[in-house]
Amino acid sequence: MRVVNINTGERIDSDYGLTQREAKKRLEKHGYNELIRREKMSPFKIFLSQFGDFMTWVLMAATAISGFMGEKADAVTILIIIVLNAVLGFIQEYKTERSLEALKELAAPTAKVIRDGKLITIKARELVIGDIIELEAGDRIPADCVLIKGDDVNADESILTGESIPVEKKIFKGIEFPSGENMLYMGCSIVRGRGRARVIAVGMNTEMGKIAGMLQNIETGRTPLQNKLDKLGEILVYGCIIICGIVTVTGIIRGEDAYKMFLIGVSLAVAAIPEGLPAIVTVSLALGVQRMMKRNALVRKLPAVETLGCTNVICSDKTGTLTQNKMTVKKIYIVDRNCDVTGDGYSTKGDIICNGSRVNVRNIKELRMLIEASVICNNSSIPEEDRKVVFIGNSNSQYSGDPTEISLLIMGAKSGIYRGELLRKYRVIKENPFDSERKMMSVLCGYDRRRYLFVKGAPERVLNKCKSYLENGEETSLSSSIRQKITYANNRMAESALRVLAVAYKEMDSSNVNTGEDDLVFLGLVGMIDPPREEVRDSVIECRLAGIIPVMITGDHKLTARAIASELKILDKDGMVITGEELDRMNDSMLEKIIDRARVFARVNPSHKYRIVRALKKNGMVVAMTGDGVNDAPAIKEADIGIAMGISGTDVTKEVSSMILLDDNFATIVSAVREGRVIYDNIRKFLRYLLSCNIGEVLTMFISSFLSLPIPLLPIQILLVNLATDGLPAMALSLEPGEKDVMSRRPRRKDESIFSDGLRAKIILRGSLIGLCTIAAFSMTLVYFEGNLRLSRTVALATLVMSQLFHVFECRSERHSVFKIGFFTNIYLVAAVLSSMILLITIIYIPWLQSIFYTQGLNLLQWGIVLAFSGTISLISSLIWYSK
Ligand code: ATP
């Protein structure tokens with residue numbers, strides 16, 4: 001078919017599309033098909049933004065005052081510390097920006113376009129005017145286009161018009177001007193049918209572009225935990241400012257130098273406020289998202305990372321997620337005859353064996369008609385057949401289309417019946433596409449002045465529409481005993497885990513106007529196997545250990561679902577199987593009563609999924625729910641974690657989901673849950689570390705000022721402690737690999753405080769011990785070394801830093817000691833601790849640094865004091881508290 005491009009007057013072959021060369025030229029001329037995007041933050045801007053926060057301004061003011069008072073060394077050192085802090089902040093933020101950008105790229109929308117006669121998938125932004133694209137139910141329309149081919153194409157244009165009723169589209173003939181009747185608008189979605197369209201406007205010239213941008217992308221909004229921590233940060237800021245004020249004022253009252261006390265106050269505030277906390281939380285979430293990505297889980301909404309750790313029910317589709325979605329027809333039933341189909345997978349080697357002997361299907365009319373109907377009522381393609389048939393779906397694979405349908409083509413090929421050949425005989429007039437609500441599909445064909453309707457679908461649906469069947473090639477009325485026989489055969493196949501389809505047809509005079517799917521002639525049943533994914537069984541066991549209930553939701557028959565769920569250990573003797581019909585008979589409160597025991601939902605429609613999520617949530621469950629089709633979108637949106645399929649999923653489901661499974665695999669959900677738990681654990685770990693260290697620092701200064709001791713740490717020293725301990729070691733804690741038992745605990749409650757399980761007490765206790773030990777080491781040196789203040793301060797500084805560096809190892813686990821988990825299992829932490837130690841030693845022993853930081857070299861005895869006060873508590877707590 002050739003269509004006229006109304007913009008240029010040229011003719012474009014709708015089976016060949018544009019050439020790649022022409023497309024490239026047009027792309028250069030008209031630009032990318034995108035709505036104007038947010039400017040990316042340049043690295044320089046990110047660096048500059050580090051100087052924008054309140055604490056940096058306070059420090060800068062302190063620098064200025066130091067300079068003004070003539071304390072050049074102080075001023076320069078504080079400046080260096082500001083820059084070093086900014087560099088650390090920049091590294092964290094830049095990494096986060098970059099990984100989020102990379103994820104956005106991956107989640108970018110795609111389009112199926114015909115170029116050089118081949119159907120390929122490209123990024124939607126590379127579409128150009130004149131491109132011919134394929135669209136089907138669930139696709140987001142990637143540019144403004146006109147419909148040039150297709151059946152029953154309905155678009156949801158609510159995004160543009162606010163009208164939620166889908167609009168049926170007509171074919172554009174090429175003579176009139178395109179109008180709303182035949183236009184498909186960018187950003188809207190196809191809800192029914194499939195078709196081919198030609199792009200007539202891209203980017204900002206589309207209707208959507210005119211209204212202004214709304215490109216769906218990864219949401220990087222703040223997570224509930226981030227918000228909570230922001231609030232905590234605020235409280236800490238005020239608390240610290242008050243305490244620092246008290247320390248400063250009491251110092252001045254005691255007669256200390258006001259300038260010095262002011263600097264101490266500022267430095268203490270800077271050290272005490274965990275200003276790095278929000279950045280580390282974001283980095284750890286972003287790094288977690290990257291790790292999930294490596295395991296094929298693409299997180300679209302950052303809050304999902306947190307919720308994953310609370311998940312206690314995973315509702316999963318069966319086909320493709322729990323099973324391989326590699327269908328192979330194994331059985332055929334025609335009335336009174338059971339046949340086996342030999343051969344495996346997508347190989348076309350195999351035979352049809354009926355009653356023990358190989359048959360030539362051309363000699364058995366029922367069998368031939370059944371196979372012909374299965375092959376023509378089909379939208380997939382396999383390599384053996386006529387290559388001119390355009391592949392639908394993934395162009396890289398020679399097998400394209402729905403695996404259920406591919407298996408029917410393979411069955412056809414085994415008996416010498418090919419789709420290409422049939423399409424030369426039958427002219428397809430209209431298709432009633434398959435959808436999960438109807439569970440049927442049919443095509444109306446014309447041949448030799450006759451019309452044929454070929455139908456396939458769920459047996460009970462098709463059988464209900466049949467009035468006769470073929471017996472010895474003759475149409476015979478379908479009695480109730482034959483119906484029973486067919487149902488019995490269906491159940492036998494389903495019990496052995498086969499997916500069963502019934503096939504039927506009807507032949508009409510071309511003048512007959514009743515082309516509906518009724519008064520059909522039953523041809524037979526086809527049973528196909530879809531083996532479970534190998535890794536799923538282990539993942540199911542892992543789920544159960546982790547206190548998570550796996551639930552199977554499928555459009556398949558109850559018996560098929562039961563057989564597969566039992567094989568995968570999803571269903572045990574206490575579990576219930578509930579069908580869509582049973583669900584329809586229950587009201588919501590009945591459903592809520594039994595849903596906790598349900599393990600399998602069979603023969604359900606996507607609309608049932610929504611009720612299932614609602615009922616589970618009502619019972620206090622945190623629900624992860626998978627989906628692929630356009631009708632799954634409401635359920636995915638309602639679930640706490642909506643999961644879309646990366647391979648088989650439609651754009652619409654992907655857009656409402658919080659996570660996309662790039663490999664459609666159930667095991668990936670479980671590893672994402674695991675990762676979610678690890679990330680949450682790690683956030684608790686560095687929160688524990690940062691807060692107890694900061695409490696230690698504040699208490700050291702606070703208590704000493706109340707005991708009227710000399711000031712144990714000078715401003716520069718406080719800032720140094722902050723730099724040595726807050727940055728790298730805390731960041732390294734966010735890279736903890738995850739504890740072995742992370743999946744043998746129950747999920748945490750969604751409303752659980754981040755400080756639950758006694759974390760608050762641990763932080764306060766350990767922080768107080770750090771402070772007390774530092775004061776003790778300081779006082780002891782002061783007494784023992786006859787009031788040598790410089791030495792005592794160096795000892796206090798070393799004790800404070802070393803206490804924190806020991807403590808960081810305790811923070812690696814809340815359940816086990818570091819001796820149990822091993823020192824070197826987080827190599828980043830070892831490196832961070834070593835670098836902080838080197839920094840400490842450098843400023844203690846290098847003479848010119850000594851004069852800046854007011855330190856002096858320590859001898860063995862003095863190191864003994866440092867290690868005794870910093871290490872003993874750590875050792876004791878490691879040995880006693882955790883060595884269970
Ligand atoms: P799951 O929910 O486990 O992923 P599913 O979504 O594949 O299952 P459906 O696609 O809704 O389930 O299929 C339900 C039933 O519809 C199948 O048991 C089968 O009988 C029938 N069916 C599936 N695919 C087709 C098709 N392409 N054409 C006609 N009937 C089909």
Let's go through L687 and F755 carefully: what are the C-alpha distance in whole Å and the side-chain angles of both, what is the deciding distance for side chain to side chain contact (heavy atoms under 4.5 Å, CB included) to 0.1 Å, and is it a yes or a no?
CA-CA 9 Å; L687 195 64; F755 295 109; 3.7 Å; yes

Quick one, R295 with S671, criterion side chain to side chain contact (heavy atoms under 4.5 Å, CB included). Give me CA distance, side-chain angles, the key distance, then yes/no.
CA-CA 7 Å; R295 290 160 179 248; S671 48; 3.4 Å; yes

Using the rule given for side chain to side chain contact (heavy atoms under 4.5 Å, CB included), can you reason through I843 versus L797, listing the C-alpha separation, both sets of side-chain angles and the distance that settles it, and then say yes or no?
CA-CA 11 Å; I843 61 129; L797 171 75; 3.6 Å; yes

Kindly determine whether D741 and R745 satisfy salt bridge (Lys or Arg N to Asp or Glu O under 4.0 Å), including the steps that lead there.
CA-CA 7 Å; D741 59 358; R745 298 179 223 145; 3.8 Å; yes

Mind running side chain to side chain contact (heavy atoms under 4.5 Å, CB included) on R793 and T781 for me, showing each step along the way?
CA-CA 9 Å; R793 282 184 177 145; T781 319; over 6 Å; no

If you apply the rule salt bridge (Lys or Arg N to Asp or Glu O under 4.0 Å), what do you find for K750 with D640, and how did you get there?
CA-CA 10 Å; K750 210 176 170 188; D640 296 285; 3.2 Å; yes

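For R684 and S756, the side-chain atoms include at least one donor-acceptor pair closer than 3.5 Å. Between the side chains of E739 and S813, at least one donor-acceptor pair of N or O atoms lies under 3.5 Å. E736 and N682 share no side-chain donor-acceptor pair at under 3.5 Å.
Of the possible polar contacts, none joining the Q804 side chain to the V801 backbone as a donor-acceptor pair under 3.5 Å is found. A side-chain donor-acceptor contact under 3.5 Å links E752 to the backbone of R749. A side-chain donor-acceptor contact under 3.5 Å links Q717 to the backbone of Y854. Of the possible polar contacts, none joining the N296 side chain to the T668 backbone as a donor-acceptor pair under 3.5 Å is found. No donor-acceptor pair closer than 3.5 Å links the side chain of S734 to the backbone N or O of A730.
Taking every heavy atom of both residues into account, T799 and T774 meet most closely at CG2-CA, 4.1 Å. The nearest pair of heavy atoms linking Q862 to G857 is OE1-O, 4.0 Å. Counting all heavy atoms, side chain and backbone alike, A546 lies closest to R677 at O-NH2, 2.9 Å. Closest heavy-atom contact between Y845 and W863: OH-NE1, 2.7 Å. In plain terms, the two heavy atoms of C543 and I314 that are nearest each other are SG-CD1, 3.9 Å. When all heavy atoms of S284 and I683 are compared, the closest pair comes out as OG-CG1, 3.6 Å.
Side-chain contact check for L728 versus S835: some heavy-atom pair is nearer than 4.5 Å. Using a 4.5 Å heavy-atom cutoff, the side chains of Y689 and T725 are in contact. Side-chain atoms of L308 and R674, non-hydrogen and from C-beta on, never get closer than 4.5 Å to each other. Between Q290 and L287 the shortest side-chain heavy-atom distance falls below 4.5 Å. For the pair D757/K762, no side-chain contact is recorded, criterion being any heavy-atom separation below 4.5 Å from C-beta on. At a threshold of 4.5 Å between non-hydrogen side-chain atoms, the residues M292 and L298 do not count as touching. In this structure, the side chains of F47 and V87 come closer than 4.5 Å at one or more pairs of heavy atoms. Side-chain contact between L733 and R688: absent, with no pair of heavy atoms (C-beta onward) separated by less than 4.5 Å.
Here L800 contributes atom CG and I718 contributes atom CD1; the two are 9.0 Å apart, rounded to the nearest 0.5 Å. Remark: T311 OG1 to I641 CD1 distance equals 5.0 Å, nearest 0.5 Å. In this structure, CZ in F702 is found 4.5 Å from CD1 in I246, a value given to the nearest 0.5 Å. Between atom CG of residue L849 and atom OG1 of residue T855 there is a gap of 7.5 Å, rounded to the nearest 0.5 Å. From S768, atom OG reaches atom CD1 of I763 across 11.0 Å, with rounding to the nearest 0.5 Å. To the nearest 0.5 Å, the span separating CG on L719 from CG on L713 amounts to 10.5 Å.
When the shell of 6.0 Å around OH of Y784 is examined, it contains 12 or fewer heavy atoms from other residues, nucleotides or ligands. Annotation: Y828, atom OH; neighbour count of heavy atoms from other residues, nucleotides and ligands within 6.0 Å does not exceed 12.
Annotation: ring-ring contact (aromatic ring centres under 6.0 Å, His included) contacts involving residues 785-812, sequence neighbours excluded, comprise F809-F823.
Figure legend: R748 and Y680 shown as a cation-pi pair, the cationic atom lying under 6.0 angstrom from the six-membered ring centre and within 45 degrees of its axis.
Considering S704, S792, C773 in turn, S792 is the only one that fulfils the side chain to side chain contact (heavy atoms under 4.5 Å, CB included) rule with F778.
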